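Notes follow once the structure below has been shown.
Keep in mind that this is a model prediction, so the values were computed, not measured. In what follows, chains carry the letters A, B, and so on, assigned in the order in which the sequence lines appear, proteins first and then strands, with residues in each chain numbered from 1.
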There are 2 protein chains.
Amino acid sequence: MARVSSQQLAGEFNLSSTQIRKDLAQFGEFGVRGVGYDVGSLVAHLASLLRLDLTHRVVIVGMGNMGTALARYPQFNSESFQVVAGFDSDAAKVGRQAGRVLIHDLRDLEKVVAEQRATMAILAVPAEAATSSLARLEACGITSVLNFAPVSLPSSSTCRVKNVDLRIPLEELAFFGVS
Amino acid sequence: MARVSSQQLAGEFNLSSTQIRKDLAQFGEFGVRGVGYDVGSLVAHLASLLRLDLTHRVVIVGMGNMGTALARYPQFNSESFQVVAGFDSDAAKVGRQAGRVLIHDLRDLEKVVAEQRATMAILAVPAEAATSSLARLEACGITSVLNFAPVSLPSSSTCRVKNVDLRIPLEELAFFGVS
DNA sequence: GGGTGTGAAACCTTTCACAGCT
DNA sequence: AGCTGTGAAAGGTTTCACACCC
């Protein structure tokens, strides 16, 4: 039975051991006094809390370079997430594979989302196509969207949008970078 | 002379007006009492503080789908940032363009970085190539690296690394997403 | 001994309230 | 009157110190 202590975790993440214990204690008494945390049960508890214990089915809209890169991104095809379809309006791409992901015609979005029982989507379309794509995703029951298009899109009551702006980490580097 | 008040900014960013004023006051008295902030001078002050007043010259290592997508990403070719070269070890890609970015042979990394006077780099190589690529970038004077490879790389005293893990926003969506 | 869980103290951030400038 | 800048109060988070359990 593998164990881990708050000190080991603290070392790993550059935090204090007290911080680790306080945070974990928020969700119950996961640890055993004098012993530490059982790795298996800790992982299970946290996965359940973060809803990573079930596999989320994801579609990617826009199979340009970004969409294709994300379809192949190993962390998007793991225990918790599975990319089940890609979509593009370019007929030349339809029918091809990107990694293990089949590219569908964007016109079939509603049909394929329903067939695949997808609940999450990644938007990787040009800025001008982002709003209309989001509307279609909302309408066919997608509840979470990760948006890579360079426009900020709003969440709604039925669909949470998270906007990824890759300029922000680059600006952080410019600010903190070695001078 | 365009002006803006802390209330307007607060509305824009969903913050309180006091928050805006306290934060800006950290860096000096940018505003004018009874009037507000002059947009031009506020932008200039903040750009200078964040070191976004000069153009940072960026190279991209690894011109697969992710590297190519980033080379074309409009926000990486703006006032503050300019992608000046791409690199790949695949001879078939060398000499091609991705957007306005010319792809060089990875063997010429040191030469081209010096010629182009680049100071920042984006790593978009497979996991197994990440560590050695970072070592070469550090050795040729790159001071900031944005790492998209799916491994966490450490900063050093001469080179700050920022690791981008796209699984994190996806996990946030899984957790907060509409149930 | 060793390591968790936790009240209390220290520390930091946000909000309030208002003086002061245009 | 209108809006910034800021000391003081309120609120929240991190660290400390130690009781408690294996």
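A straight line from CZ of A/Phe30 to C1' of C/dT6 spans 16 Å, rounded to a whole angstrom. A/Leu24 has its CG atom 14 Å from the C1' atom of C/dT6, to the nearest Å. Protein atom CG of B/Leu42 is 15 Å distant from nucleotide atom C1' of D/dC3, rounded to whole Å. One atom, CD of B/Gln8, and another, C1' of D/dT4, lie 14 Å apart when rounded to the nearest Å. One atom, CZ of A/Arg3, and another, P of D/dC22, lie 13 Å apart when rounded to the nearest Å. Atom CD in A/Glu29 sits roughly 11 Å away from atom P in D/dC22 (whole-Å rounding). Atom P of nucleotide D/dG7 and atom CD of B/Gln26 are separated by 12 Å, given to the nearest angstrom. Between A/Ile20 atom CD1 and D/dT14 atom P there is a gap of 11 Å when expressed in whole angstrom units.
Relative to the side chain of A/Gln19, the nucleotides C/dT4, D/dT14, C/dT6 differ in distance, and D/dT14 lies closest.
A salt bridge is absent between A/Arg3 and A/Asp38: the closest approach of a Lys/Arg side-chain nitrogen to an acidic carboxylate oxygen does not fall below 4.0 angstrom.
Within 4.0 Å (heavy atoms only), B/Gln7 reaches no atom of the nucleic acid at all. Within 4.0 Å of B/Ser6, counting heavy atoms only, lie sugar-phosphate atoms of the nucleic acid but no base atom.
Every residue meeting the side-chain contact (heavy atoms from CB on, under 4.5 Å) condition with A/Asp23, not counting sequence neighbours, appears here in chain and number order: A/Gln19.
Neither OP1 nor OP2 of C/dG2 sits under 4.0 Å from any side-chain N or O of A/Tyr37.
The aromatic rings of A/Phe27 and A/Phe30 lie parallel to each other, their planes meeting at an angle below 30°, with 60° marking the opposite boundary. Ring planes of A/Phe87 and A/His104: tilted class, angle from 30 to 60°.
B/Ser6 and B/Arg21 share a donor-acceptor pair across their side chains, judged by distance under 3.5 Å alone.
Scanning all heavy atoms of the two residues, the minimum distance from A/Val83 to A/Asn77 falls at N-OD1, 3.4 Å.
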What N/O pairs connect the protein and nucleotides 16-22 of chain C at under 3.5 Å? Give each pair on its own line.
residue : atom : partner : partner atom : Å
C/dT22  : O4'  : B/Arg33 : O            : 3.1

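Both A/Phe81 and B/Phe175 belong to a common hydrophobic cluster when Ile, Leu, Val, Met, Phe, Trp and Tyr are linked at side-chain heavy-atom distances under 4.5 angstrom.
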